[in-house]
Amino acid sequence: MAKNIEPKLKKIGEYLKLDRGVKFVIPQYQRAYSWGISQCDKLWQDIVSFAEDKSSDSHFFGTIIISCKENDTQYELIDGQQRTTTFLLLLKALLIRINTAIENTIDDVDSEMLCRGLQASRTKIMTILYRVTGEEVSYRPNPEKDAAIYQKANILENHSINESYKEELAKILKAADLASAEAEVYKIKFKQKDNKYTNFFRNFKFFCNKVDELKSESVLNNIAKVFLGSSEDSACEIIEIKSWHVDQAIKMFNSLNSAGLPLFDSDIISAELYSAADRRKESDTFKDLWEKFKAATDELESMGITKINSVLLQYMYYVRAVKGETISTNGNINVTTPGLKRYFTEENKDAIADPVRMSGDLLKLAKIWKNVAEHPLQKLLLKFNENSKLFLASYFYRLDEDNITEEMLQPIFECMLRLFAILELVESGYSSKYFKTFLFGEQVKFVDASITDDEIKADFDKHISGNWTRKELKDALLEYDGNALVYLNEYLFAREKGVAFALESPYDIEHIMPYSGHNVSQIRADADIADEEEFYSVVNNLGNKILLESKINRGIGNEWFRTKVSTTLKDKTGYQDSKYPIAKALVAEYKDTGRPFWKKDDIAAATEKASERIVKFIFGE
């Protein structure tokens, strides 16, 4: 009988451990490896929190869909290439740190059990990454023997036509350590510092730094066991769905991504609340509040603001801050966060014990999100990092949901904007002490209405000036090629000119000098850029990007700069009809110029101005 579909719940170590002769394959049509530091940071946070939580449950990392090919020797990743590639990079980072840890503990009699655990993880990782047997892995790290094993790194083949750096993963897996990997990987021309590396190496370096920051070999051993699934108590897991028909696999992928996999925390918590309300003879009152809350969160989800489970998580953060659970009596900040379900059903049953109060609190928060949904600063902040919602929600509880203005929220929104703008520019992830730890400490002030906005701002001022310099952030801004800071630059430019700022949908990020199109060669020549690689490094600079209404942007296409600033939408193109301040300023400056050009020096000058503008904002100047 022909094989059809084979779903199986697997520990990550089990999923990644392939038989000899079998390999993962990324099909030609797949996109390039696009995960960045933020996704890796979230993955790392999840693993560390789960390891610290010591739960008997498993932690689920989603569904991976595989199309089996070539007599089951090729596992085409229909859905899961980003996670699988990142898992492999993390395993290599763990292996490097484990090798060092074994050397530090192997002669220590008191650490014999820990050393055996580390050796077991070392063996398991090497059998996964290099498809060797356990007998082929030496008892302790052996540079010569290990180097020979590392050359067998062929667990994943990338056939994607969209991937420009197909050999990067193999180079990293074959390297002995971070330094030797850095010497081998591709360096992008005209980029500085870590910007010159691909996502593969940047993410690998991030994980190396994270495992090096672990406070002990024992913590390292625990994280490795939990991630690989070697722990008897808990494990990280995925659902692997194998199909032997590629059309069927793709249909499953489309179905899962359109319908979404259900999250059950809100269902479990609502059931507990119903039960408590029944015991207290408050069922009717509770049901009315909960139905209003559910309707409000459904509306928020349709608006792209937040979801019911997210609101519950925000409420958990608020309750923990109010109860002082995030700061110890001696002032130490605890950023370990319990699971949502566990917190309300096991650790803090007081909230569920009063279902009317809890549902009323949740409804208030949902109403406030609805009221601030169209505030420009709220829209702007959420372009940066979703974690900001966790702390904003705590501040929202100070407010009357029916009496909220933009002016009331501006101080706290701008403080958060300054911090998350820095996160865009530095290699430290959100989970570092500079961001997550600081915000956890500040959250107890967010929930305390006796603490003024000025006092909170002073804390942000001190934290920012004490940890970063104008020069390092200015240098990073000059190299920045992302999009989040384009929105901030537009806001600051509007504020500088004393004009209104609004994010009116639909809108796009517009490249003043186009990065593609049939006439891009001539546009590049007009811009005084001869080298194609230099062109692609310049075209994404901050000074070459503005906000523009989608209708205008699509009408413009890839026209010359002189066409963009001198014609109107009636002629199917032009910045003149835009409401965005930088586009309007470009029209005012260039529309009467005979044949205006937008050159490399113009982009550099605009980038310099934008960088200086943002640096001043970050430092509260």
Side-chain angles (χ1 to χ4, degrees), residues 8-24 47 51 58 61 64 66 72-75 84-109 111-157 169-177 180-181 204 207-208 211 214 217-238 240 242:
K8 188 177 290 186
L9 181 66
K10 285 188 172 183
K11 296 176 180 179
I12 287 180
E14 180 187 3
Y15 157 67
L16 293 173
K17 193 173 189 310
L18 305 179
D19 294 332
R20 286 193 177 183
V22 180
K23 64 185 67 174
F24 292 115
I47 295 167
S58 294
F61 281 96
I64 290 176
I66 290 170
D72 296 353
T73 62
Q74 293 188 11
Y75 288 173
T84 302
T85 303
T86 306
F87 291 162
L88 298 175
L89 293 170
L90 174 55
L91 281 185
K92 181 64 177 184
L94 284 169
L95 176 62
I96 292 170
R97 171 71 197 277
I98 287 169
N99 285 341
T100 303
I102 290 172
E103 293 295 340
N104 292 338
T105 59
I106 201 157
D107 296 322
D108 185 348
V109 176
S111 302
E112 183 177 350
M113 184 175 296
L114 171 60
C115 190
R116 286 203 301 270
L118 291 168
Q119 288 166 339
S121 293
R122 163 180 154 83
T123 299
K124 190 162 187 175
I125 293 173
M126 291 186 73
T127 60
I128 289 171
L129 295 181
Y130 308 105
R131 265 85 62 78
V132 293
T133 64
E135 291 74 20
E136 292 176 84
V137 180
S138 57
Y139 179 71
R140 62 189 297 171
N142 181 307
E144 185 174 339
K145 289 182 179 179
D146 289 353
I149 290 175
Y150 293 164
Q151 298 311 303
K152 299 179 181 181
N154 64 344
I155 186 172
L156 185 150
E157 278 186 5
L169 178 63
K171 289 177 183 177
I172 292 168
L173 296 183
K174 290 178 180 180
D177 51 29
S180 57
F204 172 61
F207 286 132
C208 286
V211 296
L214 295 175
E217 279 76 14
S218 178
V219 173
L220 169 67
N221 184 47
N222 186 42
I223 285 175
K225 286 170 62 180
V226 166
F227 181 63
L228 289 166
S230 307
S231 171
E232 295 179 0
D233 299 323
S234 56
C236 297
E237 296 179 329
I238 56 94
E240 178 195 73
K242 288 182 179 176

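We use all heavy atoms of the structure for the numbers below, so side chains are in, but hydrogens, waters and symmetry mates are not.
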Heavy-atom closest contact ([X] atom, [Y] atom, distance):
X: Gly134; Y: Thr127; answer: N-CG2, 3.9 Å
X: Gly229; Y: Ala235; answer: CA-CB, 3.7 Å
X: Ala153; Y: Ala170; answer: O-CB, 4.3 Å
X: Leu228; Y: Lys11; answer: O-CB, 4.1 Å
X: Leu89; Y: Phe204; answer: O-CD1, 3.7 Å
X: Glu240; Y: Ile238; answer: N-CD1, 3.5 Å

If you define the side chain from C-beta out and look only at heavy atoms, does anything of [X] sit under 4.5 Å from [Y]?
X: Tyr130; Y: Leu95; answer: yes
X: Ile149; Y: Leu129; answer: no
X: Arg122; Y: Asp146; answer: yes
X: Leu173; Y: Leu91; answer: no
X: Arg97; Y: Leu214; answer: yes
X: Leu88; Y: Lys92; answer: no
X: Met126; Y: Tyr150; answer: yes
X: Phe207; Y: Ile96; answer: no

Mutual orientation of the aromatic rings belonging to Tyr15 and Phe24 [parallel < 30°, tilted 30-60°, perpendicular > 60°]:
tilted
Quick one: does any side-chain atom of Arg20 pair with a main-chain N or O of Arg131 as donor and acceptor, under 3.5 Å?
yes
[X] side, atom [atom1]; [Y] side, atom [atom2] - distance, nearest 0.5 Å:
X: Leu156; Y: Leu18; atom1: CG; atom2: CG; result: 9.5 Å
X: Thr105; Y: Leu118; atom1: OG1; atom2: CG; result: 5.5 Å
X: Asn221; Y: Gln119; atom1: CG; atom2: CD; result: 10.5 Å
X: Asn222; Y: Ile47; atom1: CG; atom2: CD1; result: 12.0 Å
X: Met113; Y: Ser218; atom1: CE; atom2: OG; result: 11.5 Å
X: Thr123; Y: Ile128; atom1: OG1; atom2: CD1; result: 11.0 Å

Is Lys8 salt-bridged to Glu14, going by a charged N under 4.0 Å from an acidic O?
no
If only side-chain N and O atoms count, and only distance matters, is there a donor-acceptor pair under 3.5 Å linking Asp177 with Ser180?
yes
Please assess Leu220 against Ile98 for the test side-chain contact (heavy atoms from CB on, under 4.5 Å), listing each intermediate value before the final yes or no.
CA-CA 8 Å; Leu220 169 67; Ile98 287 169; 4.0 Å; yes
